[in-house]
Participant: 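So that we are looking at the same thing, I have put the structure below in structure tokens.
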Amino acid sequence: MDDTVTSNLPGTRDLLPGEIDRWQLVEDRARRIFSQYGFLEIRTPIIEPTELFARGIGEDTDIVGKEMYTFVDQSNRSITLRPEATASVVRAYIQNTMYRGGGLTKLYYIGPMFRHEKKQKGRWRQFYQIGAEALGSDHPAVDAEMIEMALWLLESLGVKAKLLINSVGCSNCRPPYLERLRSELEQRLPGMCEDCRRRAATNTLRVFDCKVESCQPFIDRLPSITDNLCAECGNHFAGVRRHLEQAGISYEIVPRLVRGLDYYVRTAFEIVSGELGSQNAVAGGGRYNGLSEVLGGPPVQALGFAMGLDRLVMILPEEQRADFKWRPDVFLAYMGEPAFEKAGEIARELRHRGYSCYIDFSEGRLKGQMRLANKLNAEHVLIIGEDELSRGKYTIKRLADSRQWEVTIPELQDYLATLNRSI
RNA sequence: GUGAGCGUAGCUCAGUUGGCAGAGCUCUGGAUUGUGGCUCCAGCGGCCGGGGGUUCAAGUCCCCUCGCUCACCCCA
């Protein structure tokens, strides 16, 4: 059972027809809701120069440090399979001078991302995200609207989730805060875990992510960024909260929720679900006013979020999962070669008129074809035998109530038209 | 990278102190010559993940290995 040719790579998977309807439901809903908020789709390449992610995500992050799928191509360039899409979207925004008209640019994307991590519940090496980016404004209402949109998508799908928010300051208030944090950490560090000591040096804010029990008392007593915001950041955060409240959205402020990089500023948020096990984040996002400049573009105030489709599908309530099954409007059953040809002709005509038809090619007997029609949940079976062929009238049978009657093809079309099929 | 649990039919899983590899579902055929579902009958389907060892005898015990799953780190 371990043939390397007939096995997928670890952390990847096939999404089979039996479950794909749930994905389509989620994707369709997301597209509809995002477009209601004025977001337009963008599709960027799945591969990018490694440097884009190294700079756009940050050298100190786990993603860049150990999780990227990176290879050297035939032209000796270092290429990386995208571990997330924000850097690509900002790159495309700069490259295509989408900032030219001024104002707010709203974009969304759907697609696979890649991170070389060990598989866990809700964690894959190839996973899928739907995300949105709003570029060109620092207005707190933009933050609130984006959060509202993400929550509404989940709510409309019947998914229960909780919003966690924070503000991580900006280039004015963060450096003095970090200095204070480091000096307080210095005294406590000897009692803390190895990871904390490492993080204190490389990416200080990250010590707040620590989950080691013995570190918690230390962390709880550290000054929080939330209490050390400058006036502008404090006002911005208050604005976001006010707009959330006006939208009737409840939230929890989590001072420990941080995004560690310099160009991540102000709003940071996460949407979590209790049903996901250890990886409980369904969506995460934040503001990144400095990213465009880091990538060589103009200053652009922006924020975005990404939602994990795999995780969303996983926690989709059962009742959201059915309803979508494909079924043929007409299953064409035939007996004999001339009837087989006639079946093909009728099916072609019906399909061109927008109906879904199915023909069994096994050349089995009528019984077997009826059985297949039933298994496919066909709404009708059109029986084409020698009688029908010679008279030009066919037997149509409605499987739900077993009623059957004779029709000509024009009569069949009239009948089907009365059923109000959605095409 | 570290730790734990699990690998038996296409799927979900039984398999006792080591003693002829099983069930349900699916699939195929029949009961029913050109009529599905429900029922009944029959059938197909296995390197028990792989390799080595112990034993008269291993799905079962031991060692190695591969795979999967969950957890740690971190994140979607």
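Each chain gets a letter, A, B and so on, in the order the sequences are listed, and its residues count up from 1.
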Participant: Charged N to carboxylate O below 4.0 Å: is that the case for A:Arg43 and A:Glu41?
Facilitator: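 Answer for the salt bridge query: yes.
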Participant: Base, sugar-phosphate, or nothing: which does A:Asp387 touch, judged by heavy atoms less than 4.0 Å apart?
Facilitator: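 The answer is base, as A:Asp387 lies within the cut-off (heavy atoms under 4.0 Å) of a base atom.
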Participant: Please measure how far the P atom in B:C25 lies from the corresponding atom in B:U39, and state the result in whole Å.
Facilitator: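 That atom pair is separated by 9 Å.
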Participant: Would you mind reading off the distance between A:Asn280 atom CG and B:A71 atom P, rounded to a whole angstrom?
Facilitator: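 Result: 11 Å.
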Participant: Over all strands shown, is A:Gln404 touching base, sugar-phosphate only, or nothing at heavy-atom distances under 4.0 angstrom?
Facilitator: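 The residue A:Gln404 makes base contact.
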Participant: Of all the choices, B:G34, B:C70, B:C73, which nucleotide is nearest to the side chain of A:Lys121 once you look at every atom?
Facilitator: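 So the side chain of A:Lys121 is nearest to B:C70.
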Participant: Check every strand shown and say whether A:Ala373 touches a base, only sugar-phosphate, or nothing at a heavy-atom separation below 4.0 Å.
Facilitator: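 Since no nucleic acid heavy atom lies under 4.0 Å of A:Ala373, the category is nothing.
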Participant: Assign A:Gly122 to base, sugar-phosphate, or nothing according to its heavy-atom contacts below 4.0 angstrom with the strands shown.
Facilitator: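 Base contact.
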Participant: Taking the six-membered ring of A:Tyr93 as reference, does the cationic atom of A:Arg91 (NZ for Lys, CZ for Arg) lie under 6.0 Å from its centre and within 45° of its axis?
Facilitator: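 No; the conditions do not both hold, so A:Arg91 does not lie above the ring face of A:Tyr93.
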Participant: Check this for me: does any side-chain nitrogen of one of A:Lys162 and A:Glu252 sit under 4.0 Å from a carboxylate oxygen of the other?
Facilitator: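 Salt bridge: yes.
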Participant: Heavy-atom nearest nucleotide on RNA chain B for A:Asp401 versus A:Arg123: which residue maps closer to 5'?
Facilitator: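 Per heavy-atom nearest nucleotide, the more 5' residue is A:Asp401.
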Participant: Under the 3.5 Å rule, do the base of B:U69 and the side chain of A:Lys119 count as making a donor-acceptor pair?
Facilitator: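 No.
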Participant: To the nearest Å, how far apart are A:Arg398 CZ and B:U35 C1'?
Facilitator: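 In whole Å, B:U35 C1' lies 16 Å from A:Arg398 CZ.
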Participant: Between B:C64 and B:A21, how many Å separate the two P atoms, rounded to a whole number?
Facilitator: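 Going atom to atom, P in each nucleotide, I get 28 Å.
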Participant: Write down the distance separating the P atoms in B:C63 and B:C68, rounded off to the nearest Å.
Facilitator: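 It comes out at 23 Å once rounded to the nearest Å.
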Participant: Please report the distance, rounded to the nearest Å, between CD in A:Glu117 and P in B:A76.
Facilitator: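 Going from A:Glu117 (CD) to B:A76 (P), I get 10 Å.
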Participant: Under 3.5 Å, is there any donor-acceptor pair linking the side chain of A:Gln120 to the base of B:C73?
Facilitator: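 Donor-acceptor pair under 3.5 Å: yes.
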Participant: Check whether the side chain of A:Lys367 and the base of B:U35 form a donor-acceptor pair under 3.5 Å.
Facilitator: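 Checked by distance alone, the answer is no.
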Participant: What does A:Lys66 touch in the nucleic acid at a heavy-atom separation under 4.0 angstrom: a base, only the sugar-phosphate, or nothing?
Facilitator: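 Here A:Lys66 touches the bases of the nucleic acid.
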Participant: Mind checking the P distance from B:C6 to B:G10? Whole angstroms is fine.
Facilitator: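 These two P atoms come out 23 Å apart once rounded.
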Participant: Using the C1' atoms only, state how far B:U26 lies from B:G45, rounded to an integer number of Å.
Facilitator: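 Approximately 11 Å lies between the C1' atom of B:G45 and that of B:U26.
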Participant: Round to the nearest Å and state the distance from A:Met68 atom CE to B:A76 atom C1'.
Facilitator: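 About 17 Å, once rounded to whole Å.
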Participant: Does A:Tyr128 stack onto the base of B:A76, taking stacking as ring centres under 5.5 Å apart and planes under 30° apart?
Facilitator: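 Here A:Tyr128 fails the 5.5 Å or the 30° condition.
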Participant: In whole Å, measure the gap between the P atoms of B:G46 and B:G3 for me.
Facilitator: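 After rounding to an integer number of Å, I get 38 Å for this pair.
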Participant: So, A:Tyr334 versus A:Phe340, ring centres under 6.0 angstrom or not?
Facilitator: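 Close enough - the centres of the two rings lie under 6.0 Å apart.
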Participant: Is any NZ, NE, NH1 or NH2 atom of the basic residue among A:Arg266 and A:Asp138 found under 4.0 Å from an Asp or Glu carboxylate oxygen of the other?
Facilitator: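 Yes.
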Participant: In whole angstrom, give me the gap between the C1' atoms of B:A58 and B:G15.
Facilitator: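 Between the two C1' atoms, the distance is 13 Å.
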Participant: B:C70, OP1 or OP2 - any side-chain N/O from A:Lys118 closer than 4.0 Å?
Facilitator: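 Result: no.
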Participant: So does A:Glu345 pair up with A:Lys342, basic N to acidic O under 4.0 Å?
Facilitator: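 Answer for the salt bridge query: yes.
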Participant: Could you walk me through whether A:Thr80 and A:Phe114 pass the side chain to side chain contact (heavy atoms under 4.5 Å, CB included) test, one step at a time?
Facilitator: CA-CA 9 Å; A:Thr80 293; A:Phe114 304 84; over 6 Å; no
Participant: Tell me the stems RNA chain B sits in, counting at least three consecutive Watson-Crick or G-U wobble pairs, each under 3.5 Å on both distances.
Facilitator: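 Counting only runs of 3 or more consecutive pairs, the stems involving RNA chain B are B:1-7 with B:66-72, B:10-13 with B:22-25, B:27-31 with B:39-43, B:49-53 with B:61-65.
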Participant: Within the 4.0 Å heavy-atom criterion, would you say A:Val282 contacts the bases, only the backbone, or no part of the nucleic acid?
Facilitator: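 Here A:Val282 touches the backbone only, sparing every base.
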Participant: Could you check which of B:G37, B:A71, B:G30 has an atom nearest any side-chain atom of A:Arg365?
Facilitator: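 Closest of the options to the side chain of A:Arg365: B:G30.
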Participant: Kindly say whether, by distance alone, the side chain of A:Glu270 makes a donor-acceptor pair under 3.5 Å with the base of B:A76?
Facilitator: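 Side chain to base: no pair below 3.5 Å.
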Participant: Could you state the atom-to-atom distance from CE of A:Met370 to P of B:C38 in whole Å?
Facilitator: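 It is 14 Å, rounded to the nearest whole Å.
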Participant: With a 4.0 Å cut-off on heavy atoms, is A:Arg371 in touch with a base, just the backbone sugar-phosphate, or nothing at all?
Facilitator: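 Sugar-phosphate, no base atom in range.
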Participant: Taking any heavy-atom pair under 4.0 Å as a contact, classify A:Glu386: base, sugar-phosphate, or nothing.
Facilitator: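 Base contact.
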Participant: Let me know the distance between CD of A:Glu67 and P of B:C75, rounded to the nearest Å.
Facilitator: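 Nearest whole value for this atom pair: 9 Å.
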Participant: For the pair made of CD in A:Glu379 and C1' in B:G37, what is the distance, rounded to whole Å?
Facilitator: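 Whole-Å distance recorded here is 16 Å.
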Participant: Are A:Glu117 and A:Arg125 ion-paired here, with the side-chain N under 4.0 Å from a carboxylate O?
Facilitator: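 So A:Glu117 does not pair with A:Arg125 through a salt bridge.
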Participant: Roughly how far apart, to the nearest Å, are B:C48 and B:C11 at atom P?
Facilitator: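 Pairwise P distance, B:C48 against B:C11, rounds to 15 Å.
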Participant: To the side chain of A:Asn374, which of B:G37, B:G34, B:U69 is closest?
Facilitator: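 Out of B:G37, B:G34, B:U69, the nucleotide with an atom closest to A:Asn374's side chain is B:G37.
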Participant: Mind listing the side-chain donor-acceptor pairs of residues 144-156 of chain A below 3.5 Å, one per line with the distance, residues two or more places apart or on another chain?
Facilitator:
residue	atom	partner	partner atom	Å
A:Glu145	OE1	A:Lys106	NZ	2.8
A:Glu148	OE2	A:Tyr37	OH	2.6
A:Ser156	OG	A:Arg29	NH1	3.2
A:Ser156	OG	A:Leu153	O	3.0

Participant: Take atom CG of A:Leu382 and atom P of B:U35, then tell me their distance rounded to the nearest Å.
Facilitator: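 It works out to 16 Å between those atoms.
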Participant: Hey, could you give me each pair passing side chain to side chain donor-acceptor pair (under 3.5 Å) that has a residue in residues 363-377 of chain A? Not counting sequence neighbours.
Facilitator: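 Every pair satisfying side chain to side chain donor-acceptor pair (under 3.5 Å) with a residue in residues 363-377 of chain A: there are none.
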Participant: Heavy atoms under 4.0 Å, any strand shown: does A:Ile383 hit a base, just sugar-phosphate, or nothing?
Facilitator: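 Base: the residue A:Ile383, judged by heavy atoms under 4.0 Å, touches a nucleobase.
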Participant: Mind checking if A:Glu388 touches a base, just sugar-phosphate, or nothing, with heavy atoms under 4.0 Å?
Facilitator: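 It contacts base atoms.
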